[in-house]
Number of protein chains: 2
Amino acid sequence: MDFRILRRMGHFLAVAEEGHFGRAAARLGVSQPPLTAQIQALEAELGVRLLERTRKGARPTREGQALLPILRRLAEEAKQVESLARELRAGRHAPMAMACVTSALFDYLPPLVRGLRAAAPDSALAVREMDTADAVEALRRGEVDFALARLDRDRPPLRVMPLGSDALVAAMPEGHALLDEAGPLPLAALAGEALVLLPRSISPAYFDRQVSACREAGFEPVAMREVGSAMAQLAFVAAGLGVALVSSGMAVLRPPGVAFRALAGPVGSVGVALVWNGERETEAARAAIAAARGAFPAAGDAA
Amino acid sequence: MDFRILRRMGHFLAVAEEGHFGRAAARLGVSQPPLTAQIQALEAELGVRLLERTRKGARPTREGQALLPILRRLAEEAKQVESLARELRAGRHAPMAMACVTSALFDYLPPLVRGLRAAAPDSALAVREMDTADAVEALRRGEVDFALARLDRDRPPLRVMPLGSDALVAAMPEGHALLDEAGPLPLAALAGEALVLLPRSISPAYFDRQVSACREAGFEPVAMREVGSAMAQLAFVAAGLGVALVSSGMAVLRPPGVAFRALAGPVGSVGVALVWNGERETEAARAAIAAARGAFPAAGDAA
DNA sequence: TCGCTTCGATACGAAAATCCTATCGCCCTT
DNA sequence: AAGGGCGATAGGATTTTCGTATCGAAGCGA
């Protein structure tokens, strides 16, 4: 992946926003002819025409318009790279906080928080809800002291203390035909259904477990759409746009329009674990380890 | 924005992922010495050491680790740009991107999504769950086409179409003494309770409505702790660490450990609205406006 | 109708950035 | 002690990006 294309995308953004090559060139600090050449190179590389040149300037084509939202996100994140680099230069430290995946908010988080509070009543604790992938990054970055996330083994430098096992359950729109039969559902019954999946990048182990469970049941999961969060996943199910495999931790929420059904077997999934950065074992992380041992006696020992 | 530095960051990302300058060079299609030089130039420019060189290769420093997640996102999104360009080349439509607050996921989002799907069955829709403050920024930046958020009036350039009114309800830990009495709860009954609040920055209008409601009931709300998301707010209530005022949209979730009680009055709150950027009224936004009018006939007219 | 202006595009050489190969220094293993 | 593997240094070559000059097309005003 040649990040050089990102620069040209920035050029295109500038032209699209100015509607004029000359003004965009002035904004970018170059002259107009090389800007024209860079835009042409980008169009050649992407294989689409991005700008319609008119007598009065340039405006995005339909394809150019369609790309603008994601290019704006890219530009915003490029700014974040810059500001993060400045923070790193300044040696900034992150405040004490924890991350928690949505599906653990109501089963694992309350006992852990109560345990922490019993040990240190005056301590402030900030909880940031995020998915496993973001939690891993936040731990590595030092933005949080520990996390409740779905990991099944150490990922150096991250240490993982599993707190319990978990099972996948099927989430279906209420009134779905498969709900007519009582009892646990064989996974193969979902073979022809549209699945609402979270992207693999959020939690690869979790995603792969779902895919392998489907394959063991004899079908390839067909991802009809991807959503960005666990809650949005259930919202799509509620809207009648597909079914989902979710952890039993999500089923405790009972959102309207969604019916949960256990799977025959049952089908194991990656459970929730306490996770912390072994290279940065803060006092808060140590307190969380102690509180987790108290709240979840069956939890595995830290390796 | 100096995009040129991004190219070197792409080089850094390759080395960090390979753990080896030689293999990273091969992946990037260059030889090892210029790659070393590019990384050194990047480190000099940032004033931060990104890689620790060892006898067996290289691994990211702490500062380097902190950069990796956002660089990976950039790389991923650059790939998404390329794949979206391919789809556009093939004549397919761009996906719609929308933002949705958590409390609207299960009441307002499903009918809207069904309406959009009825109008354009082949269009993809990406839903990003976020709070009102983030939704406003994403709309301003042109990162999403429209949003479901808690706003009560236009905020130029943002246009607001209220979809319904809303009321605050009290969220209390199960077993709370105030639950002994049946029927709506006078807000003054919460005067001595610890409140779990969302930061004002998330939705100032929503926050101010809560504070003013408490003042009208004769007491100042005492914020014992702040959390980062609506779901985490309920999780703290479930943990027994306070009570919360939440929109009735959150009450439909019925998370374990939390009991909801209507408030006497009742106490109005800022409702959910369809929001879009009036300066960038995309086709997707127009489709959402039409779908909202269909799904919520009582919705206010766009001004 | 004609001349002027404005827009982006082409051409060519200059400047800057990035690359190549050859080789080095260091450290570990055999 | 010798060899191998790692990243670093050095010097020149190549590629990329740029600026300037100029062009072609099209619209506008006299």
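Here is how names work: the chains are called A, B, and so on, in the same order as the sequence lines, proteins then strands, and each is numbered from 1. For clarity, every value in this text was computed on a predicted model and none was experimentally measured.
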### Ionic contact status for B:Glu17 with B:Arg72, cut-off 4.0 Å
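The answer is yes: the pair qualifies as a salt bridge.
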### Query
Just how far is it from atom CD of A:Glu137 to atom CG of A:Asp131, taken to the nearest 0.5 Å?
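So the gap between those two atoms works out to 8.5 Å.
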### Approximate separation, where rounding is to 0.5 Å, of B:Arg27 CZ and B:His20 NE2
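Output value for this atom pair is 13.0 Å.
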### Below 4.0 Å: OP1/OP2 of C:dC7 and any side-chain N or O of A:Arg53
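Indeed not, no polar side-chain atom of A:Arg53 lies that close.
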### Task
Indicate whether OP1 or OP2 belonging to D:dA8 is found under 4.0 Å from a side-chain N or O atom of B:Thr36.
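Yes, because at least one side-chain N or O of B:Thr36 sits under 4.0 Å from OP1 or OP2 of D:dA8.
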### Task
For B:Gln40, report the nucleic acid contact type (base, sugar-phosphate, nothing); a contact means any heavy atom under 4.0 Å.
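If one applies the 4.0 Å heavy-atom cut-off, B:Gln40 turns out to touch the sugar-phosphate alone, with no base involved.
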Under the side chain to side chain donor-acceptor pair (under 3.5 Å) test, which residues partner [X], sequence neighbours left out?
X: B:Glu52; value: none
X: B:Glu77; value: none
X: B:Glu281; value: B:Trp276
X: A:Ser165; value: none

Between protein and nucleotides 27-30 of chain D, what N or O pairs are separated by less than 3.5 Å?
residue	atom	partner	partner atom	Å
D:dG27	O4'	A:Arg55	NE	3.2

From [atom1] of [X] over to [atom2] of [N], roughly how many Å is that when rounded to an integer?
X: B:Ile39; N: D:dT9; atom1: CD1; atom2: P; answer: 14 Å
X: B:Gln32; N: C:dG25; atom1: CD; atom2: C1'; answer: 13 Å
X: A:Leu42; N: D:dT17; atom1: CG; atom2: C1'; answer: 15 Å

### Task
Please step through side chain to side chain contact (heavy atoms under 4.5 Å, CB included) for the pair A:Leu35 and A:Leu28, ending with a clear verdict.
CA-CA 9 Å; A:Leu35 177 56; A:Leu28 294 165; 3.8 Å; yes
#### Entry: Which residues share a salt bridge (Lys or Arg N to Asp or Glu O under 4.0 Å) with A:Asp166, sequence neighbours left out
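Result, salt bridge (Lys or Arg N to Asp or Glu O under 4.0 Å) vs A:Asp166: A:Arg150.
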### Message
For DNA chain C, which residues of residues 15-23 of chain A approach it to below 4.0 angstrom with any heavy atom?
### Response
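Listed by number, they are A:His20, A:Phe21, A:Gly22.
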### Rounded to 10 degrees, the angle between the two terminal axes of the helix from C:dT1-D:dA30 to C:dT30-D:dA1, each from five pairs
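One end's axis against the other's: 20°.
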### Query
Got a sec, which residues hit side chain to side chain contact (heavy atoms under 4.5 Å, CB included) with A:Pro157, two or more places apart in sequence or on another chain?
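In terms of side chain to side chain contact (heavy atoms under 4.5 Å, CB included), with neighbours along the sequence ignored, A:Pro157 is linked to A:Arg140, A:Asn277, A:Glu279.
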### ring pair (Phe, Tyr, Trp, His ring centres under 6.0 Å) involving A:Tyr108 - partner list, sequence neighbours excluded
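Per chain and number, A:Tyr108 pairs via ring pair (Phe, Tyr, Trp, His ring centres under 6.0 Å) with A:Phe296.
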### Message
By the side chain to side chain donor-acceptor pair (under 3.5 Å) test, which pairs, at least two apart or in different chains, include something from residues 33-43 of chain B?
### Response
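Found B:Arg8-B:Gln38, B:Gln32-B:Thr36, B:Glu43-B:Arg53.
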### Task
Would you check if B:Ile39 and B:Phe21 make a side-chain contact, meaning some heavy-atom pair closer than 4.5 Å?
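They are in contact (side-chain heavy atoms under 4.5 Å apart), so the answer is yes.
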### Message
Using a 4.0 Å heavy-atom cut-off to protein, can you give one letter per nucleotide of nucleotides 11-19 of chain C, 5' to 3': B if the base is in contact, S if only the sugar-phosphate is, - if neither?
### Response
------SSB
